[in-house]
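Bear in mind the structure is a predicted one, so any value in this text is a computation, not a measurement. Computed over heavy atoms, backbone and side chain alike; hydrogens, waters and symmetry mates excluded.
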Amino acid sequence: QVQLVQSGGGLVQPGGSLRLSCAASGFPFTNYAMSWYRQAPGKEREVVAAVTSGGRTNYADSVKGRFTISRDNVQNTIHLQMNSLKPEDTAVYYCYRNPNYWGQGTQVTVSS
């Protein structure tokens with residue numbers, strides 16, 4: 001069955017960096033686009049970044065220039081490198097594969 005297992009995250013000061021990873025299994029990874037979403041307290045879940053099966057990337061305006069999504073088709077893993085973090089980036093981050101497969105969620109807290 002499809003499994004998405006996340007790692008990374010934690011507490012970081014404003015301006016700092018974190019890297020999230022999502023290890024995928026149970027499906028032909030190279031055939032699927034993958035995404036990162038986030039959900040802040042009291043807000044709806046929103047897409048942060050996506051990478052197509054061919055490696056093209058797309059970002060929410062709020063993270064462009066600061067976050068980088070990548071995929072490793074050998075390790076069946078996607079990553080989200082987050083730089084210049086801001087307090088408003090605080091949220092639970094989820095990896096996602098359509099139609100409705102989600103990682104377990106990882107807390108990212110940006111605070112001094």
Is any side-chain N of the basic residue among D61 and K64 closer than 4.0 Å to the acidic one's carboxylate O?
yes

Could you go through the side-chain contact (heavy atoms from CB on, under 4.5 Å) check for S17 and V12 one step at a time?
CA-CA 7 Å; S17 298; V12 65; over 6 Å; no

Would you call the rings of Y94 and W102 parallel, tilted or perpendicular, taking 30° and 60° as the class edges?
perpendicular

If you measure from CD on Q13 to CG on L85, what distance do you get to the nearest 0.5 Å?
11.5 Å

Non-hydrogen atoms of L80 and A49 that approach each other most closely
CD1-CB, 4.2 Å

All heavy atoms of C22 vs all of L4, minimum pair found to be SG-CB, 3.8 Å

With no hydrogens and no angle check, just 3.5 Å: does a side-chain donor-acceptor pair link S53 and N31?
no

Under a 4.5 Å side-chain heavy-atom rule over Ile, Leu, Val, Met, Phe, Trp and Tyr, are V51 and Y37 clustered together?
no

Hey, does the side chain of S21 reach the backbone of H79 with a donor-acceptor pair shorter than 3.5 angstrom?
no

More than 12 heavy atoms from other groups under 6.0 Å of CD on E88
yes

Which label fits F67 and Y93: parallel for a plane angle under 30°, tilted from 30 to 60°, or perpendicular past 60°?
tilted

To the closest 0.5 Å, what do you measure between CG (D72) and CD1 (I78)?
11.5 Å

Grab the two heavy atoms, one from P14 and one from S112, that are nearest each other, plus how far apart they are.
CD-N, 3.7 Å

Between the main-chain N or O of I69 and the side-chain N or O of Y59, is there a donor-acceptor pair closer than 3.5 Å?
yes

Find the distance between OG1 (T30) and CG (N76) and round it off to the nearest 0.5 Å.
7.5 Å

Looking at R71 and F29, would you say the former's side chain and the latter's main chain have a donor-acceptor pair under 3.5 Å?
yes

Report the C-alpha distance between V2 and R97 in whole Å, list the side-chain angles of each, state the deciding distance to 0.1 Å, and finish with yes or no for side-chain contact (heavy atoms from CB on, under 4.5 Å).
CA-CA 9 Å; V2 174; R97 198 221 86 177; 3.8 Å; yes

Closest heavy-atom pair, R38 versus A91, reported as atoms and distance to 0.1 Å, is CB-CB, 3.8 Å

Could you state the interatomic distance from CE (M82) to OG1 (T68), rounded to the nearest 0.5 Å?
11.0 Å

What's the spacing between D89 CG and S62 OG if we round to 0.5 Å?
7.0 Å

In terms of heavy-atom contacts, Y101 and P99 come closest through CE1-CD, 3.6 Å

hydrophobic_cluster_shared for V92 and Y96, side chain cutoff 4.5 Å:
yes

Keeping Q6 on the side-chain end and C95 on the backbone end, is there a donor-acceptor pair under 3.5 Å?
yes

Give the cluster check for L11 versus V110: same hydrophobic cluster or not, with ILVMFWY residues linked at side-chain heavy-atom distances below 4.5 Å.
no

